[in-house]
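Below is one structure, written out as structure tokens; comments come after it.
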Amino acid sequence: MSERRNVDDASQEASKEGEEAGGTAQGPAVGPAVGPAVGPAVGMAAGMAAGPGAEPSGIGATQPEGAQPEGAQEPVPVQEAASVGAGGTVRGERGGPVVSGGEAFVEGESGGGRRGHGEGVSVNGGGPPESDGERRLRRQAAVAAVLLGLVIAAVAAFSTPWHLLTSGPPDPARDFTAAQIARSEAFDAASILPGYLSLALTLIIAGLLVATPLGVKLVAWLKGPWWLRVVLGVVVITLFTQLIKLPVSIWGETLLRGYGLSIQTWGSWAGDRLKNIGVDAFMLSLMLLVLVALARRFRRWWIPAAVGAFALTVLASFVYPVVFEPLFNDFTTMQQGQLRTELLDMAERDGVPVEDVLVADASRRTTALNAYVSGFGATRRIVVYDTLLRAPKAEVELVVAHELGHAKTDDVLYGTFIGALGAALGAILLFWVFELVRRRTGVKGLGDPRAVGAVIGLMTFGSLLMSPAENLISRHIEARADLHALDLTRDPATFIAMQKRLAVTNISDLSPDAVEYVLYASHPSSPERIAMARAWAKLNGVPVK
């Protein structure tokens, strides 16, 4: 199946950057990524992280719920989030009467937001028409959104390697046997139904949260100060979503087991899933606490919200490797030996400072092959799955050379920056769009803790809508990393052998459907990568089959 984005959570990003192993992500059915909490932002970090809680960008990434083949979840890597969600984060403090998104709140003793005039004064919804001041605020937000959108487009356009190396058309039959192609097609066919069913449930749940009072009803019975109701509301909606999608998730895991891609016990699978849910709920709670607090405090809350969303995205991408990745995998220094020495020598020759190469114990849950780079600055790390170490040494070196390409061009840093700008834009758009949906949901404004459901729904739609653009950029970034590996090793024959091994082991989609490719593929397909290697060999006069 072609790289379907992991959207197994109504609050999820369609984050992040699927797998690298041939560019075939397991799709919505296989399990959640870090979701809007770290949404498109960390996902835009070129998917350089891996681990059952985000999205990868390694040369052989395998992502979802731990067992995923070609898109093993990586810290969104979140993704892959955010998989650093499309809507920003915002927060504030108590104060006197505050107009926030159409509702006047008078802070009560409990901090729960005692509304004046009974249940709240609707400033511009269902009552009096918008005032000139409110229209002016919306115009200001619209102008800011347009300007920031242009900045994002310019940064993405100038930082993305659009023109690399022209290659011939991909031809799976040239490198893969009829049996391998048939197995890939069978796996794709088996994955389509649970994958699209999960996507459909995601859209339905998000639609209900945005267009109906469902979210309000789910959290209306919660008691306590406003901040507690926000946190409990996120937990309730997250659990509600997960329970509805649980049968599809089990179906996806059963499928992976049937094809030998997952070797987890059900207990281990459930544990990874609970960790994913916990990370999602934590990040969403943090974002929404800030958002509601700011909406209760400032009329132009979208300004500090945009700044906060940008900062949270950068922080999440920076700390994810050392805070969240260890929740899903144990990491050890690659043992001393010829392979470690040669890898570090290659990094030094490449001019990329790498103090260590880590090995993740992925073999306890999957047979898929993967490697990735995550973090930046002091938290940057190159990680290979222990499953990959079973491959020939020359192929492992090529995988790491690919990851060095990401590190050399600071793909995680640039991806994080673009994602952070996107999160800031999401916060501004949330201010502008929320007024259009709040009446349908029955909330007075974003200062109302009951609004968390509508916000989560809007973030989900935002993440899904951003996915095609994110994946388009990601495919070019991954192609550049492939080209870097070829330039560094000058070994196209081994590169082709490596791509074949990754594609067969991870059951990559060798002929992705055009629609799925546009919507979900974060990496070029294996035949495309092989075709580029042959074009490189011809250009450089290196013999290859």
V354 and its side chain to side chain contact (heavy atoms under 4.5 Å, CB included) partner, picked from V400, L343, L404:
L404
Is any side-chain heavy atom of R475 closer than 4.5 Å to one of E528?
no
Residues that R390 engages under salt bridge (charged side-chain N to carboxylate O under 4.0 Å, His left out), provided they are two or more places apart:
none
Is there a donor in the side chain of E253 and an acceptor in the side chain of S262, or the other way round, less than 3.5 Å apart?
yes
Does one side chain, of K245 or T202, offer a donor that lies under 3.5 Å from an acceptor on the other?
yes
Electrostatic pair D356:R380 at N-O distance under 4.0 angstrom:
no
Decide yes or no for E470 and S463: does some side-chain heavy atom of the first lie under 4.5 Å from some side-chain heavy atom of the second?
no
Would you call the rings of F324 and F282 parallel, tilted or perpendicular if under 30° counts as parallel and over 60° as perpendicular?
tilted
Where is the tightest heavy-atom contact between F176 and P527, given as atom of each residue plus distance?
CE1-CG, 4.4 Å
Ion pair R381/E325, N-O distance below 4.0 Å
yes
Is it true that R257 and Q264 share a donor-acceptor pair across their side chains at a distance under 3.5 Å?
no
Determine whether T254 and W266 make a side-chain contact, defined as any pair of heavy atoms from C-beta on separated by less than 4.5 Å.
yes
Tell me, do W227 and V292 make a side-chain contact under 4.5 Å, heavy atoms counted?
no
Would a 4.5 Å heavy-atom cut-off, applied to side chains only, mark L209 and I237 as touching?
yes
Taking every non-hydrogen atom, the tightest pair across A521 and N471:
O-CB, 3.3 Å
Say whether H402 and E478, considering side chains only, have a donor N or O and an acceptor N or O under 3.5 Å apart.
yes
Of all heavy-atom pairs between S526 and L510, which one has the smallest distance, and what is that distance?
CB-CD2, 4.4 Å
